[in-house]
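Report on one structure; see the data block that follows.
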Protein chains: 2
Amino acid sequence: MKPSHLPENHLEAWRRYYVSFWRIFASIEADLQAAGLPSLSWYDALYELYLAPDRHLRMSELARSALLSRSGLTRLVDKLEKEKLLERKSCPKDGRVQHAVLTDKGVELLRKMWPVYRAGIAKHFAAHLSDAEAKSIIAAFTRLGAALEKKCADVKATP
Amino acid sequence: MKPSHLPENHLEAWRRYYVSFWRIFASIEADLQAAGLPSLSWYDALYELYLAPDRHLRMSELARSALLSRSGLTRLVDKLEKEKLLERKSCPKDGRVQHAVLTDKGVELLRKMWPVYRAGIAKHFAAHLSDAEAKSIIAAFTRLGAALEKKCADVKATP
DNA sequence: ATTTTTTAGTTGCATACGCAACTTCTCTTC
DNA sequence: GAAGAGAAGTTGCGTATGCAACTAAAAAAT
């Protein structure tokens with residue numbers, strides 16, 4: 001493994017990608033805050049639950065999906081549970097496992113946040129992309145995501 | 001301004017872009033930490049100074065370039081100054097202004113971090129992109145960055 | 001020329017997050 | 001089946017960061 005060769009184009013692509021991300025992200029967060037809504041990290045976690053079968057996930061699965069450390073997720077779930085947006089349920093089959101289960105109130109919050117989030121994506125991101133560019137991004141980052149997943153799996157498999 | 005129309009492709013592009021970013025970012029930060037080096041935010045700030053004429057910038061310019069709030073930048077500069085990576089100089093022409101000036105030690109740190117950073121970009125980002133995709137990303141995000149800059153300027157200009 | 005407004009930067013406070021240590025439970029090994 | 005290894009979550013602690021309030025300096029208004 002020695003791919004430290006980095007063509008100028010790819011480096012420039014990284015720079016643009018990197019700074020754009022922070023600006024877009026900050027703009028969307030600002031829109032949410034201006035609308036009196038919680039931040040994207042709440043949305044991410046609730047949405048992953050929404051997608052999951054029976055709207056429930058183990059804590060560590062949710063941590064991975066929501067791009068958080070396990071401890072970070074514990075705190076986030078504490079807050080979400082306090083707001084009744086989800087519930088913790090102990091798993092009957094494995095006493096170590098906790099499940100986070102989305103509540104109706106959680107779904108309701110997703111429905112309130114989505115229009116603002118969608119508008120933010122449209123305004124700060126999508127409006128500036130051609131359809132071809134969007135497709136190119138999908139292709140590239142789908143592949144990239146798969147490769148990173150695989151790398152994680154490999155690391156786990158070779159201790 | 002009512003571009004809340006969001007085609008499915010563009011939404012999917014956002015999703016891929018968003019999760020990929022966090023994974024790549026976390027991987028690169030992990031590489032830096034594993035090498036005993038400071039985090040990307042230090043690199044970003046020092047590198048912006050490195051690029052600037054005479055290697056100096058006003059605090060608020062640096063904050064904008066380094067993607068931080070002004071208060072966040074104050075704390076960061078506190079730490080960088082404590083490590084002698086830069087110096088604060090009061091501006092003789094305007095008593096309110098402070099300049100951050102990169103030191104040789106700061107340049108040295110940039111030189112130490114860059115190989116690790118470059119390898120991270122290559123491994124976690126560039127290795128998975130074709131040349132055409134890199135070019136497409138440059139085009140798209142250059143345009144997007146310009147549009148966001150302009151939007152900032154507009155906001156400033158219409159109080 | 002004095003007052004008011006605006007700007008640049010800093011600080012108090014609150015929040016969000018990760019790492020490492022810990023607890024509890026399960027699985028493996030003998 | 002008891003002991004050790006491993007896994008899932010939680011908690012202590014340190015750090016990073018933003019917002020709002022503050023200070024100091026310059027610019028604008030009178």
Side-chain angles (χ1 to χ4, degrees), chain A residues 22-23 25-34 36-45 56-83 86-101 155-157 159, chain B residues 22-23 25-34 36-45 56-83 86-101 155-157 159:
Chain A
W22 288 116
R23 300 236 140 95
F25 182 71
S27 300
I28 293 178
E29 289 278 25
D31 289 352
L32 287 169
Q33 189 168 340
L37 292 168
S39 81
L40 269 187
S41 61
W42 287 36
Y43 187 90
D44 289 341
H56 78 148
L57 281 175
R58 307 158 63 130
M59 301 292 273
S60 35
E61 290 173 325
L62 185 53
R64 200 168 40 79
S65 310
L67 310 161
L68 279 174
S69 69
R70 282 179 313 174
S71 61
L73 185 88
T74 292
R75 319 297 170 109
L76 179 58
V77 167
D78 288 347
K79 291 166 218 152
L80 296 174
E81 190 174 30
K82 198 165 292 174
E83 299 292 329
L86 56 73
E87 288 169 1
R88 274 188 176 88
K89 303 252 196 205
S90 310
C91 176
K93 312 205 166 189
D94 186 335
R96 295 168 297 182
V97 172
Q98 295 276 38
H99 286 227
V101 187
V155 170
K156 265 194 162 179
Chain B
W22 287 117
R23 301 218 193 270
F25 182 71
S27 300
I28 292 176
E29 288 279 24
D31 289 351
L32 287 169
Q33 189 168 341
L37 293 167
S39 81
L40 269 186
S41 61
W42 286 36
Y43 187 90
D44 289 342
H56 78 147
L57 282 174
R58 308 158 61 130
M59 299 295 270
S60 35
E61 292 172 325
L62 185 53
R64 201 169 38 78
S65 310
L67 309 160
L68 278 174
S69 69
R70 281 180 315 174
S71 60
L73 186 87
T74 293
R75 319 298 169 106
L76 179 57
V77 168
D78 287 346
K79 290 166 220 153
L80 296 174
E81 190 174 30
K82 197 164 294 173
E83 298 292 330
L86 55 74
E87 287 169 4
R88 272 186 177 88
K89 304 249 196 209
S90 312
C91 176
K93 313 203 165 186
D94 186 334
R96 295 168 297 182
V97 171
Q98 296 275 37
H99 287 245
V101 188
V155 168
K156 266 195 163 178

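Proteins get letters first, then strands, A, B, ... in listed order; numbering begins at 1 in each. These figures come from a predicted structure and were not determined experimentally.
Look at CH2 on A:W42: it is 12 Å from C1' on C:dA16, rounded to the nearest Å. In this entry the distance linking CZ of A:R75 with C1' of C:dT15 reads 12 Å, nearest Å. The CH2-P distance, from A:W22 to D:dG18, rounds to 9 Å in whole Å. The interatomic distance linking B:L76 (CG) with C:dT10 (C1') rounds to 14 Å, in whole Å. For B:H99 and C:dG9, the NE2 to C1' distance is 12 Å, given to the nearest whole Å. Distance B:L68 CG to D:dT15 P: 18 Å, rounded to the nearest Å. Atom-to-atom, CG of B:L73 to P of C:dA8 comes out at 14 Å; the value is rounded to the nearest Å.
Taking the six-membered ring where tryptophan is involved, the planes of B:W22 and A:F25 are perpendicular, since the angle between them exceeds 60° and thus also 30°.
Picking from D:dG18, D:dA26, C:dG9 the nucleotide with the shortest atom distance to the side chain of B:M59 gives C:dG9.
Put simply, A:S60 has a side-chain N or O that comes within less than 4.0 Å of OP1 or OP2 on D:dG9. Listed pair A:R70 / D:dT11 fails the phosphate criterion, with no side-chain N or O lying under 4.0 Å from OP1 or OP2. Proximity of B:K79 to the phosphate of D:dA16: a side-chain N or O atom is located under 4.0 Å from OP1 or OP2. For D:dA27, neither phosphate oxygen OP1 nor OP2 lies less than 4.0 angstrom from any side-chain nitrogen or oxygen of B:R96.
Going from atom OG of B:S39 over to atom CG of B:L76 covers 8.0 Å, rounded to the nearest 0.5 Å.
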